[in-house]
2 protein chains.
Amino acid sequence: MTLSEEDYIKAIYHLGNGKEDPISTNAIAEQMETKPSSVTDMIKKLSEKNMVNYKKYRGVSLTEKGQLTALSIVRKHRLWEVFLVDKLDFAWDEVHEVAEQLEHIKSEKLIDKLDTYLGNPRVDPHGDPIPSKDGEFKKSVKKLISELPIGSKGVCVGVNDSSVAFLKFLDKNQIALGDTLKILEREDFDGSVSIKINDREMRISDQIASNLFLEILEKS
Amino acid sequence: MTLSEEDYIKAIYHLGNGKEDPISTNAIAEQMETKPSSVTDMIKKLSEKNMVNYKKYRGVSLTEKGQLTALSIVRKHRLWEVFLVDKLDFAWDEVHEVAEQLEHIKSEKLIDKLDTYLGNPRVDPHGDPIPSKDGEFKKSVKKLISELPIGSKGVCVGVNDSSVAFLKFLDKNQIALGDTLKILEREDFDGSVSIKINDREMRISDQIASNLFLEILEKS
DNA sequence: AAAATAATTTAGACAAAACTAAATATTTGT
DNA sequence: ACAAATATTTAGTTTTGTCTAAATTATTTT
């Protein structure tokens, strides 16, 4: 696999987003910031290699082989992101560009050892799941804390209300995007929720809970 | 700088080996496992970019700019080697191939953070010195333990006598290539030397000391 | 110092991955 | 259903880095 081929496979994978529908040439071109004609060329090559199913004018989808290839790239990308954030102290929103490069390094041993070194993480710093070596992985969903059952565990990935007041609140209480958070208890009376975040317990109001998105792995 | 350009710069740097003499087209071709005509093409391009001094039929040498580029690649390569050995538990002789790939990752921040994370190492697992960010580095020399003064510190990089008996001795005493070793004291009487290796002190005979090579940084 | 040998460069081609412009197929609006 | 709009593909170039074969320059031998 060349670097460019890998990028196409990954783009098709991300556009597919789990669904089976074929992806259009234009969509790929836009995602890759390239021209549709270039996409057609590459698709033909990938089709030769049995990475994609392709019928002229009908779009493409990944074959089994293509899927596995995509998952292996996603695995590498996300493991490297964990490395950059956990070990090298990058902020969660600075890692993408570098991980884009690192994901193309070819060495199975390297990835195995990296995985072990990082403690076999299941999610990356954005809360997205990391596929296992054989291409299995849990789907993740993004939900408000207020919508989640007791015991849920996930990564803070976004806010509903991005008012200054709310962001200041998060800051003051040392809640940052990328932090791991577990829901301990919910008070029926006022909807307030007690949570564990960064090994610290605290209670947040329903207002807060319904403005903070968590990315969680679906119960298998 | 493209990947290929970087590889040429590095090859020229290594062939130069510190000296100023121009490097021949054929030598580069051999090192890069490519054809002399391809080398000529690339040299022209690098010359355009002021990375090398080039006079037709007279070979090439790196310019100041080329030197710095080469040193930055070497720095990356060796830092990644330290990472692979120290953190991911690779053996010292398995890291080269992977480091060849990692050295091309483009992110100054990444290398700075990696350097810090590794504790600003001065030498790689082979005992070769790691250039600093601004391209300075200490030259290293390879000497037998018996030839070195008290207080010397270096990395075990080779043996003079590779008899089974000697290698078994090293193995039994948990001395491996790549280990860091410091010379603590030398007994005039029999030439035996006490050393510190892997935070463990031990005494070795003159016979051992004159069969084990250390790579050390030259006193600045 | 000329002839033979070796090293280097030039010229012309090729593959990969991109592009532009033109041609063709599909979808949409009425 | 058919014309207009949109999407996709084809054909022909370009760039980067490589190659082979031929030409040129340098070095070595005698």
Side-chain angles (χ1 to χ4, degrees), chain A residues 1-17 19 21-62 66 69-70 73 100-101 103-106, chain B residues 1-16 19-62 66 69-70 73 100-101 103-106:
Chain A
M1 285 291 256
T2 83
L3 205 139
S4 193
E5 286 170 344
E6 288 191 353
D7 284 339
Y8 274 94
I9 293 285
K10 204 181 48 152
I12 296 167
Y13 174 82
H14 280 128
L15 290 167
N17 208 22
K19 286 157 228 141
D21 334 312
I23 313 300
S24 79
T25 302
N26 266 11
I28 299 169
E30 191 170 340
Q31 168 91 6
M32 308 259 324
E33 300 187 331
T34 184
K35 304 289 160 173
S37 55
S38 309
V39 175
T40 304
D41 287 346
M42 182 56 90
I43 279 170
K44 282 179 182 165
K45 208 171 33 143
L46 291 174
S47 181
E48 292 286 302
K49 297 192 177 189
N50 291 310
M51 302 298 279
V52 298
N53 304 116
Y54 174 53
K55 284 249 168 62
K56 269 194 195 180
Y57 298 99
R58 300 281 79 156
V60 287
S61 60
L62 292 176
T69 305
I73 301 168
E100 285 291 89
Q101 295 180 63
E103 75 191 4
H104 295 294
I105 301 292
K106 275 162 191 60
Chain B
M1 284 290 259
T2 82
L3 205 139
S4 194
E5 285 171 342
E6 288 192 352
D7 284 339
Y8 275 93
I9 292 286
K10 204 180 50 151
I12 296 168
Y13 174 81
H14 281 129
L15 289 166
K19 286 158 228 140
E20 277 296 301
D21 335 311
I23 313 300
S24 79
T25 302
N26 267 10
I28 299 170
E30 192 172 340
Q31 168 91 8
M32 307 258 324
E33 300 187 333
T34 183
K35 303 290 158 170
S37 55
S38 309
V39 175
T40 303
D41 288 346
M42 182 55 90
I43 279 169
K44 282 180 181 164
K45 202 164 47 135
L46 292 173
S47 181
E48 292 286 301
K49 297 193 176 186
N50 290 310
M51 301 299 277
V52 298
N53 304 115
Y54 174 52
K55 284 250 169 62
K56 269 193 194 178
Y57 297 99
R58 285 325 29 183
V60 287
S61 60
L62 293 175
T69 305
I73 301 168
E100 286 290 91
Q101 295 180 63
E103 74 190 3
H104 295 293
I105 302 291
K106 276 163 190 57

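Chain letters run A, B, ... following the sequence lines, proteins first, then strands; residues in each count from 1.
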**OP:** Quick one, give me the B/S/- string for nucleotides 7-12 of chain C, reading 5' to 3', where B means a protein heavy atom under 4.0 Å from the base and S means that only happens at the primed atoms, P, OP1 or OP2.
**Re:** SBBB--

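Within 6.0 Å of CD in Glu100(B) there are more than 12 heavy atoms belonging to other residues, nucleotides or ligands.
Summarising the geometry, the separation between CD on Glu5(A) and C1' on dA15(C) is reported as 13 Å, rounded to the nearest angstrom. Going from atom CG of Leu46(B) over to atom P of dT16(D) covers 13 Å, rounded to whole Å. Rounded to a whole Å, the NZ atom of Lys35(A) is 18 Å from the P atom of dT14(D). Computed from coordinates, the Ile28(B) CD1 to dT18(D) P distance equals 13 Å when rounded to whole Å.
No side-chain heavy atom of Tyr8(B) sits less than 4.5 Å from a side-chain heavy atom of Val60(B). In this structure, the side chains of Ile105(A) and Ile105(B) come closer than 4.5 Å at one or more pairs of heavy atoms. With contacts defined as side-chain heavy-atom distances shorter than 4.5 Å, the pair Tyr54(B)/Thr40(B) qualifies. At a threshold of 4.5 Å between non-hydrogen side-chain atoms, the residues Lys49(B) and Glu5(B) count as touching.
Within the 4.0 Å cut-off from OP1 or OP2 of dC19(D), at least one side-chain nitrogen or oxygen of Thr34(B) is found.
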**OP:** Evaluate the side chain to side chain donor-acceptor pair (under 3.5 Å) criterion for residues His104(B) and Glu6(B): first the C-alpha distance (whole Å), next the side-chain angles of each, then the deciding distance (0.1 Å), finally the verdict.
**Re:** CA-CA 8 Å; His104(B) 295 293; Glu6(B) 288 192 352; 2.6 Å; yes

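Looking at heavy-atom distances under 4.0 Å, Ser38(A) makes contact with a base.
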